[in-house]
Visitor: 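I have a structure I would like to understand better, so I am pasting it below and will then ask my questions one at a time.
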Amino acid sequence: MKGFRRTLIVATLVLLAGCAPAPAGTGGPVAAPAPAPTGRTPAATGSAPATPPAGTFNDTDVMFLQMMVTSHGQGLALVRLAPERARQEELKILAAAIEVTQEAEQRTMRDWLRGWGHSPSADPAAHAHADHGGLPVLDPAQLAALARTSGARFETDFLNLLIGHQHSAVELARMETRSGSHPEVRELARRIDVSRTAQIDQMLKMLPPAG
């Protein structure tokens with residue numbers, strides 16, 4: 001049974017990723033457009049956990065990565081509630097696939113930021129972030145309330161929260177593809193847009209009919 005479930009999780013990951021290449025630092029090549037000139041180069045540091053991707057980057061690239069690291073942390077806290085509280089196997093498999101994907105993406109984004117000499121997390125009070133809609137935030141009280149439910153009630157509330165959360169991720173990704181300059185960061189944003197949009201479509205079909 002465990003082997004069968006693992007196979008389903010892998011299949012879900014492939015489908016949600018759209019067979020896209022992995023970001024730099026995760027073992028796969030990335031084909032991306034050439035970066036726009038910005039006059040900036042990555043800051044050299046000796047403490048980066050992994051080699052950051054070469055090339056120039058702009059403020060949007062940094063902001064996107066910082067905001068997405070924070071968003072991923074919130075999303076991981078949410079999906080980790082599903083194994084013990086959901087009843088639908090399809091929902092548990094989706095949550096497990098999201099956890100695997102977002103853990104890997106978060107590690108990559110943190111490595112890139114550290115390698116560029118930037119904090120791997122966003123400052124919620126930063127004006128630059130506020131100018132772009134602010135950080136997407138899952139209310140801790142909502143998570144705490146969700147953690148006290150199970151079964152059908154949990155699944156409905158969980159899906160509604162996760163749909164909203166992933167929609168915020170799509171908006172952040174589209175901000176990066178519009179205004180970012182680094183090719184690999186833009187490619188990561190494109191893949192996040194595609195995969196989260198697919199997740200939202202899948203979750204909308206899993207919601208019970210209204211009324």
Visitor: CD of Gln102 to CD of Gln74: how many Å apart, nearest 0.5 Å?
Guide: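 Atom-to-atom, Gln102:CD and Gln74:CD are 10.5 Å apart.
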Visitor: Flag the pair Gln202 / Glu90 as yes when at least one side-chain heavy-atom distance between them is below 4.5 Å, and no otherwise.
Guide: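 Side-chain contact under 4.5 Å: yes.
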Visitor: How far apart are the C-alpha atoms of Arg85 and Phe158, what are their side-chain angles, what is the distance that settles it, and do they pass the side chain to side chain contact (heavy atoms under 4.5 Å, CB included) test?
Guide: CA-CA 10 Å; Arg85 293 167 177 81; Phe158 172 86; over 6 Å; no
Visitor: Taking all non-hydrogen atoms of both residues, which atom of Ser119 and which atom of Gln66 are closest, and how far apart?
Guide: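 Taking Ser119 first and Gln66 second, the nearest heavy atoms are O-NE2, 3.1 Å.
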Visitor: Output yes when a side-chain donor or acceptor of Asp61 lies under 3.5 Å from a complementary backbone atom of Gly180, and no otherwise.
Guide: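 Side chain of Asp61 to backbone of Gly180: no pair is present.
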Visitor: Assess the side chains of Glu105 and His72: does a donor N or O sit below 3.5 Å from an acceptor N or O?
Guide: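 Yes - a donor-acceptor pair under 3.5 Å links their side chains.
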Visitor: Ignoring hydrogens and angles, tell me if any N or O in the side chain of Ser71 forms a donor-acceptor pair with the backbone of Met67 under 3.5 Å.
Guide: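 No; judged by distance alone, with no hydrogens or angles, the pair does not exist.
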Visitor: Starting at CD1 of Ile98, measure out to CG of Leu162 and round the result to the nearest 0.5 Å.
Guide: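 The CD1 atom of Ile98 sits 4.5 Å away from the CG atom of Leu162.
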Visitor: Find out whether Thr101 and Arg191 are in side-chain contact, i.e. whether some heavy atom of one side chain is under 4.5 Å from a heavy atom of the other.
Guide: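 In short, these two side chains do not touch, never coming nearer than 4.5 Å.
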Visitor: Under a 4.5 Å cut-off applied to non-hydrogen side-chain atoms, are Gln166 and Met203 in contact?
Guide: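 Gln166 vs Met203: side chains touch.
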Visitor: Is there a side-chain contact between Glu176 and Ile192 in this structure, where contact means two heavy atoms from C-beta onward sitting under 4.5 Å apart?
Guide: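 Glu176 vs Ile192: side chains apart.
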Visitor: Verify the neighbour count for atom CZ of Arg153: are there more than 12 heavy atoms of other residues, nucleotides or ligands below 6.0 Å?
Guide: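 Not buried by this count: 12 neighbours or fewer within 6.0 Å.
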Visitor: Is there a donor in the side chain of Asp193 and an acceptor in the side chain of Thr197, or the other way round, less than 3.5 Å apart?
Guide: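 Indeed, the side chains of Asp193 and Thr197 share at least one donor-acceptor pair under 3.5 Å.
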Visitor: So if I apply the side chain to side chain contact (heavy atoms under 4.5 Å, CB included) rule between Leu65 and each of Thr70, Thr60, Leu113, Asp111, which one comes out positive?
Guide: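 By the side chain to side chain contact (heavy atoms under 4.5 Å, CB included) criterion, Leu65 pairs with just one of Thr70, Thr60, Leu113, Asp111: Leu113.
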Visitor: Does the side chain of Leu146 reach to within under 4.5 Å of the side chain of Thr149, using non-hydrogen atoms?
Guide: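 Leu146 vs Thr149: side chains touch.
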Visitor: Report the relative orientation of the aromatic rings in His182 and Trp116; use parallel for angles under 30°, tilted for 30 to 60°, perpendicular for over 60°.
Guide: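 If you compare the ring of His182 with that of Trp116, the planes turn out tilted.
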